[in-house]
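Just below is one structure, and these are the notes that go with it.
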Amino acid sequence: MQSEVIIETRSLTKVYRDFWGRQKVQALKALDLEIRRGEIFGLLGPNGSGKTTTMKLLLGLLFPTSGKALLFGRDATDVSKNERIGYLPEESYLYRFLNAEETLDFYGRLFNMSPKVRRQRVAHLINLVGLDLAKRRQLKEYSKGMTRRIGLAQALINDPELILLDEPTSGLDPIGTRNMKDLILDLRDQGKTIVMCSHLLADVQDVCDRIGILYQGELQELGRVDSLLEIQDVTEFRASGLSKEAEAEIRQVVEKHQGKLLGIGHPTSTLEELFLNIIAESEAHPGRRVRSGEGAGDGS
Amino acid sequence: MVLEKEIPVFVDWIGGASLDWVIAVAIFAVVAMAVSLLFAIVTRGPIRGVAGVGKAFLATFADVFTMSPRRIAALVWLAVKEAIRKKVVVGVAVFVVVLMLAGWFLDPSSTNPGRLYLSFVMTATSYLVLLLALFLSVFSLPGDMKSKTLHTVVTKPVRHSEIVLGRIIGFTLVCTVLLAIMGVLSYFFVVRGLYHEHTLTAADLAPAGGEASAGEAEVPLVGMTSKEHGHRHEVYVDPSGATRTRYENGHTHAVTIEGSGDQVRYRVGKPEGVLVARVPIHGKLRFRDIKGIDKEQGINVGDEWFYRSYIQGGTDAAAIWTFTDLKESDFPGDRIPLEMTLGVFRTHKGEITREVMGGLALRNPDTGLTVEIEIFESKEFITQKLWIPKQIVKYSNRQMIVQKYETPGGVKTKPTEADLDDSLAKKTEFDLFKDLVTPDGRVEVWLQCLEPGQHFGAAQPDLYLRAGDASVVWNFVKGYYGIWLQVVIVTSFGVMFSTFLSGAVAMVATIGILIAGFFTDHLMELGVGPKYGGGPLESFRRLIGQDNVMTDLPAGLGTDLVKMGDQLLQPTLRIMSAILPPFDEFGCANFVANGFNIPADFVLTRTFTALAFFIPLFVIGYLFLRNREVAR
């Protein structure tokens, strides 16, 4: 049974025009996307591929040139959808003259939360992102990593059902990155839907269930991370409870077929390889979906 | 005090003004709808375009009516924080420095130091605060868009209306606090600047009327106080005790006497009456020409400023103020104070040892009884104070006068000559309220210039009865409230422009509105077409060609084009002057500085005018912000 669709885009297109209405760049071309409850979806692409444009269209910060973006079945420009979403911008765009507590309290008030609820949420989130010691300091004194963390905290102030993260791990040290990824997985386990865009492929590979790869405003690849990275011409076996004899037998079978046993099972390539492949292929054949349907589970 | 525009009575004004406002807003809304509909149809096709505009229209209502006080409060708080971060306190510091410097340059020994001090502080305050309101309001939203902090805000369930309203309220609040601080500082600055004491010793006083004879121990004493702030006061010490000094530079001091004989000490108290808030009762002014016939205006003596109209001396010409609704109970005491400021125009130098003489009389408009109450020497540029006694004893200069006015059927009189009861003028004792004021409280004050060849000029606010005084502090507060209303309008314009313009452009636009707002009357005059010289383009053409305003321009294509251009421009100017905020009308400094109470009608009409600008500006700002891409 399929779970509820949280985000749906129908041939979402964005064309940036200059002052005179002349077309400057087609940032997004007819994007069709469905993201369901409980998923972690990663949007990948090189710089300028339309990831952030997609994100902004979903948030209603930009208006689509044509097509539609629906969140919870409502138009992306509908303010009321914001009650249920959290957004971490690319660089935490926060008021630098406020301190952490004031920041979270301010955003809490924008959700019309009562003072009591706000106090609880603020304390909880500051603790969650580990800023207890710095909660009274103005954000302008914060390091990049701390700014990311307070940014994440403000995105979670309303306990959102859908969380949009723009480059969540940028600027974080390895430990911070690990914590962020753990937190993302935690949030998924709480039943939240997460959309993140990133060009740090290792992070995406670690946490995302499904990914979409954008290149020059077009969706080049879409599917489950595990199936996308599966190498079809390599077989991997993994078994337990096999006797020495049985193992020897398998080795013999493999040797008989001039194979070499590396382990058993389907190994995966790294996302980096896949990514570079797709970019190379789409440069060679512009305007064509590279591996359309092939092995990609497409959300099933 | 010069009051070029009559202050409308609020209850009479509000109906028509509201109707005008509704019509203007409706026209604006219809035009805006039509333009957006057209735009939507062109860009999105007829069906989707109309549907889109309809949806946006409904969403607008939803947004405005689902505003949450808590969210607005949060945004107000943010705006205040931002203002503090931008160091608005510097504004106060600048103000203090300005006050300190002004202390050196303002001359407390001038004839009206109160006016000097008050108009200075109020002007300084309003410029500073308006500038501050301007800077705060125009740079905030563009700054937030540039730093993208607005992205984080609009992705919360914030209505765009709340963002605009929060900004307007927040910055207004900041300016209010600053205005309050500056107000308190200015008040003490003025009071302190005008404060002075004189000394008076026994040696300064001499018996009135020369040396006292040995037998008389108690004679009144006369003398002058010491010179402070450039003036001395004459003191007349009655043997009975406490007294006060004569008025000088508009104020007086109480004098107390301690001890007696050689031990006598005179103590001169604080200045009284430096700051006042007169409550004038104005009459309706009409004129009478040299033939004794009523006219709307007197004659023009060649002033370009039409404020005062002139009457010829030594003729029947008069300036007549009709007061209404006078009640005896409103004027305690046995006389009524009357104050006037006249313009004098001389065609010859006249008697050089004295000023031009004038006469003041009272007339009962029903019976025609006219009794002269005062012959005076006119004083230009100074407010003269005269008294009308309630009981008038007069052996001469009382007569019956009819009012003559022109009708299409010839000159008529009121009352008719036959109705005049000449016995009234034969009396010698008159009761002001029984004989001269009609039962419904009307009386006329007649001003005449008594010297042939000289002229008196008068405008309606020039002569008034001074019923009493209002609280000076309260008047000061009302004056600052006038500045505050300007702050609200400037902030609303600033925020509105900043929703779709960059900070610098929004600032220029707001300054443009502000400047044009100070000249709405001039724009209207150009729009209607002045008496001479034509519309804006024609005037400009005359300016360039150095043609005078009276001759016709040479016929030809150039002139035709100029006139055609004016035909197009003038309606635009008329519309502009009608919808621009009339900043010049908000200034209360004139009232406060000249020592007049700011009437309640003034406060109310201006408050509603400010509100009338705030509401549409808020809605326009909201619509622009809502329909723009925040991330562009």
Side-chain angles (χ1 to χ4, degrees), chain A residues 14 16-17 19 21 52-53 55-66 75-99 102-103 105-115 118 138-140 150-151 154-155 157-158 160 164 166, chain B residues 39-40 42-45 48 52 55-56 58-60 62-64 66-87 140 143-163 166 622 625-632:
Chain A
K14 180 68 191 175
Y16 288 113
R17 293 177 191 280
F19 180 79
T52 302
T53 299
M55 209 68 136
K56 285 175 176 168
L57 285 166
L58 291 178
L59 286 161
L61 291 172
L62 292 174
F63 304 151
T65 309
S66 68
D75 200 86
T77 51
D78 187 342
V79 179
S80 58
K81 66 151 195 330
N82 291 351
E83 299 275 0
R84 297 158 74 182
I85 65 172
Y87 168 53
L88 172 68
E90 196 171 347
E91 283 165 48
S92 306
Y93 303 126
L94 301 168
Y95 292 98
R96 290 158 50 79
F97 51 89
L98 302 180
N99 67 33
E102 286 171 336
T103 303
D105 190 67
F106 169 67
Y107 290 113
R109 286 201 276 175
L110 295 188
F111 280 99
N112 218 351
M113 293 178 181
S114 71
R118 282 204 310 269
Q138 288 196 329
L139 299 195
K140 64 180 167 205
I150 186 69
Q154 68 78 25
I157 188 79
N158 57 328
L164 297 137
D166 202 346
Chain B
F39 182 76
V42 168
T43 53
R44 300 166 68 177
R48 283 184 55 205
K55 225 172 103 184
L58 291 179
T60 302
D63 266 11
V64 171
T66 53
M67 289 196 288
S68 129
R70 187 176 276 147
R71 284 196 294 259
I72 295 173
L75 288 158
V76 167
W77 172 84
L78 183 77
V80 171
K81 272 268 180 185
E82 185 192 328
I84 294 169
R85 185 187 64 98
K86 283 185 178 165
K87 312 249 183 318
S140 173
D144 267 15
M145 287 188 206
K146 209 171 167 192
S147 69
K148 299 184 181 174
T149 40
L150 198 60
H151 293 193
T152 323
V153 173
V154 293
T155 47
K156 305 284 180 278
V158 172
R159 310 296 187 267
H160 291 87
S161 47
E162 292 164 341
I163 295 177
Y622 154 71
L625 187 63
R626 187 194 155 80
N627 293 306
R628 74 170 285 170
E629 294 180 313
V630 171
R632 281 304 280 279

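Letters A, B, ... are given to chains in the order of the sequence lines, protein chains preceding strands, and every chain is numbered from 1. Fair warning: this is a prediction, and the values are worked out from it, not measured in the lab.
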Subject >> OH (A/Y16) with more than 12 external heavy atoms under 6.0 Å >> reply: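 Yes, enclosed.
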
Give, as side chain, backbone, both or neither, the part of [X] having an atom under 4.5 angstrom from any heavy atom of chain A.
{"X": "B/E82", "result": "both"}
{"X": "B/I84", "result": "neither"}
{"X": "B/T155", "result": "both"}

Is there a side-chain contact between [X] and [Y] (heavy atoms, below 4.5 Å)?
{"X": "A/F106", "Y": "B/V153", "answer": "yes"}
{"X": "A/L110", "Y": "B/L75", "answer": "yes"}
{"X": "B/W77", "Y": "A/L98", "answer": "yes"}
{"X": "B/E629", "Y": "A/K56", "answer": "no"}

Under 4.5 Å from a heavy atom of chain B, the part of [X] involved:
{"X": "A/L88", "value": "neither"}
{"X": "A/E102", "value": "both"}
{"X": "A/T52", "value": "neither"}
{"X": "A/E91", "value": "neither"}

Subject >> Contact winner vs chain A - B/V630, B/N627, B/T149, heavy-atom pairs under 4.5 Å >> reply: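 That would be B/T149.
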
**OP:** Report the C-alpha separation of B/R85 and A/R96 in whole Å, then their side-chain angles, then the decisive distance to 0.1 Å, and conclude whether the side-chain contact (heavy atoms from CB on, under 4.5 Å) test is met.
**Re:** CA-CA 10 Å; B/R85 185 187 64 98; A/R96 290 158 50 79; over 6 Å; no

Taking all heavy atoms of [X] and all of [Y], pick out the closest pair and write down the distance.
{"X": "A/F111", "Y": "B/P157", "result": "CE2-CD, 3.1 Å"}
{"X": "B/A74", "Y": "A/R109", "result": "CB-CB, 3.6 Å"}
{"X": "A/V79", "Y": "B/V158", "result": "CG1-O, 3.4 Å"}

Subject >> Distance-only side-chain donor-acceptor flag, B/D144 / A/Y93, under 3.5 Å >> reply: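 No - no donor-acceptor pair under 3.5 Å links their side chains.
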
**OP:** Enter the distance from B/K156:NZ to A/I85:CD1 here, rounded to the nearest 0.5 Å.
**Re:**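 Reported to 0.5 Å precision, the distance equals 8.0 Å.
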
**OP:** Determine, for A/F97 and B/K81, whether the Lys NZ or Arg CZ falls below 6.0 Å from the six-membered ring centre while staying within 45 degrees of the axis.
**Re:**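 No; the conditions do not both hold, so B/K81 does not lie above the ring face of A/F97.
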
**OP:** For each of A/L59, A/N112, A/N158, A/T77, tally heavy-atom pairs with chain B at distances under 4.5 Å, and name the one with the top tally.
**Re:**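 The residue among A/L59, A/N112, A/N158, A/T77 with the greatest pair count is A/N112.
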
